[in-house]
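First the structure, in the form of structure tokens, and then the observations on it.
Letters go in sequence order (proteins before strands), and every chain restarts at 1.
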Amino acid sequence: MEIEVPHAWPDDEAEALRIQDALRPLVDTVGPGPRAPRTVAGVDVAYGADRPDGSTPVAAAVVVLDTVTLRPVATATAVGSTTFPYRPGLFAFRELPTVITALRSLHHTPDLLLCDGQGLAHPRRFGLACHLGVLTGLPTAGVAKNAFVGTFSGLGTERGEWAPLLDGTEVVGRALRTRSGVKPVFVSVGHAIDLATASRHVLALAPGYRLPETTRLADRLCRQVLRG
DNA sequence: GCGACAG
DNA sequence: ATCTTGTCGC
């Protein structure tokens, strides 16, 4: 698919913050997004050992699933390297360049993109999923294994139950139980979709494990690519 | 000032 | 994220 990147990739923190500020107003937090997506893509990145020159090997994978069969219908991968260090809140600048490369080689445009990490549940309301949504124009949502900002309480123990993720009084996402008795995942809006719709799709994509099949398959693929 | 901090 | 096999428990 075609992706226009409106900014150069920053090499320092201050520039990265400026880019987030500039792109944040472009996020569509209303949606409602696809009610019945036919395909959903999972995106993930794996890292190798830091090189002596300070760069880090990166492999990105995109796996498109048919929402009915939950089987892959298309995949794309890319390898690269990063010099941007890991900084909570600036995660996207470390991962997105290679992810964009992979997406550009994808011969299919999914109805929804699920990212590993946060969307609006971010200190400046512009997590990885928001950033990728703005760059691609596709509906996106974040599915994180841990909360970044926000707290929740009163979450039931059964699969399907959820509790709002609150940052002060603002709902920034949702703690969603995808497996009974197992730690929830943290869903937040990325772009062009609403929270309830995004959560519904995440639950449907995770019939057997805590993480949705999209991210499980993307995770497996990028690790495989990183090796050889 | 101290600790926390998506992947 | 990554370094890593078996193992305790439902």
Side-chain angles (χ1 to χ4, degrees), chain A residues 9 13 16-17 20 24 27 42-52 54-63 77-100 102 113-134 140-152 157-159 165-168 170 172-191 195 198-199 202 208-212 214-228:
Chain A
W9 296 108
E13 196 166 317
L17 290 171
Q20 290 189 328
R24 184 176 50 238
V27 176
V43 179
D44 195 21
V45 170
Y47 297 91
D50 292 353
R51 301 194 184 90
S55 68
T56 306
V58 170
V62 182
V63 176
T77 62
V79 293
S81 64
T82 315
T83 53
F84 202 93
Y86 170 68
R87 294 278 185 272
L90 298 178
F91 190 43
F93 298 99
R94 192 165 160 75
E95 296 209 335
L96 284 191
T98 311
V99 167
I100 296 296
L113 224 43
L114 290 186
C115 303
D116 238 47
Q118 320 289 346
L120 294 176
H122 174 278
R124 294 173 294 283
R125 306 293 179 264
F126 197 71
L128 174 68
C130 298
H131 201 147
L132 188 58
V134 167
T140 62
V143 181
K145 294 179 284 297
N146 297 290
F148 186 14
V149 297
T151 58
F152 66 96
T157 183
E158 298 304 302
R159 165 180 161 81
L165 190 60
L166 298 173
D167 189 5
E170 185 179 356
V172 296
R174 198 175 269 197
L176 173 65
R177 195 83 71 179
T178 50
R179 288 198 70 180
S180 299
V182 173
K183 176 177 179 172
V185 296
F186 301 86
V187 180
S188 59
V189 167
H191 180 66
L195 183 56
S199 300
V202 169
Y209 297 90
R210 177 166 89 114
L211 297 177
T214 40
T215 63
R216 296 187 71 238
L217 292 175
D219 178 78
R220 187 169 66 66
L221 182 54
C222 65
R223 294 195 195 204
Q224 174 184 317
V225 168
L226 188 62
R227 299 177 186 178

From [atom1] of [X] over to [atom2] of [N], roughly how many Å is that when rounded to an integer?
X: Q224(A); N: dA1(C); atom1: CD; atom2: P; value: 17 Å
X: F91(A); N: dA4(B); atom1: CZ; atom2: P; value: 21 Å
X: Y47(A); N: dC3(C); atom1: OH; atom2: P; value: 14 Å
X: L90(A); N: dA6(B); atom1: CG; atom2: C1'; value: 11 Å
X: F186(A); N: dC5(B); atom1: CZ; atom2: P; value: 12 Å
X: R220(A); N: dA1(C); atom1: CZ; atom2: P; value: 16 Å
X: F126(A); N: dA6(B); atom1: CZ; atom2: P; value: 19 Å
X: L128(A); N: dC5(B); atom1: CG; atom2: C1'; value: 16 Å

So, OP1 or OP2 of [N]: does either fall under 4.0 Å of a side-chain N or O from [X]?
X: K145(A); N: dG7(B); answer: yes
X: R223(A); N: dA1(C); answer: yes
X: N146(A); N: dC5(B); answer: no

Touch class at under 4.0 angstrom, heavy-atom based, for [X] against every strand present:
X: L226(A); result: nothing
X: G48(A); result: nothing
X: Y86(A); result: base
X: A49(A); result: nothing
X: A147(A); result: sugar-phosphate

**Message:** Counting only side-chain heavy atoms from C-beta out, which of dA6(B), dT2(C), dG7(B) sits nearest to E95(A)?
**Reply:** dG7(B)
**Asked** Do S81(A) and R51(A) come within less than 4.5 Å of each other through their side chains, counting heavy atoms only?
**Response** yes
**Side-chain touch P184(A)/L176(A), heavy atoms, less than 4.5 angstrom** = no
**Request:** Check step by step if salt bridge (charged side-chain N to carboxylate O under 4.0 Å, His left out) holds for R220(A) and D44(A).
**Result:** CA-CA 9 Å; R220(A) 187 169 66 66; D44(A) 195 21; over 6 Å; no
**Message:** Would you compute the distance between atom CG of L165(A) and atom OG1 of T151(A) and round it to the nearest 0.5 angstrom?
**Reply:** 7.0 Å
**Asked** Mind checking whether F93(A) and H131(A) have ring centres under 6.0 Å apart?
**Response** yes
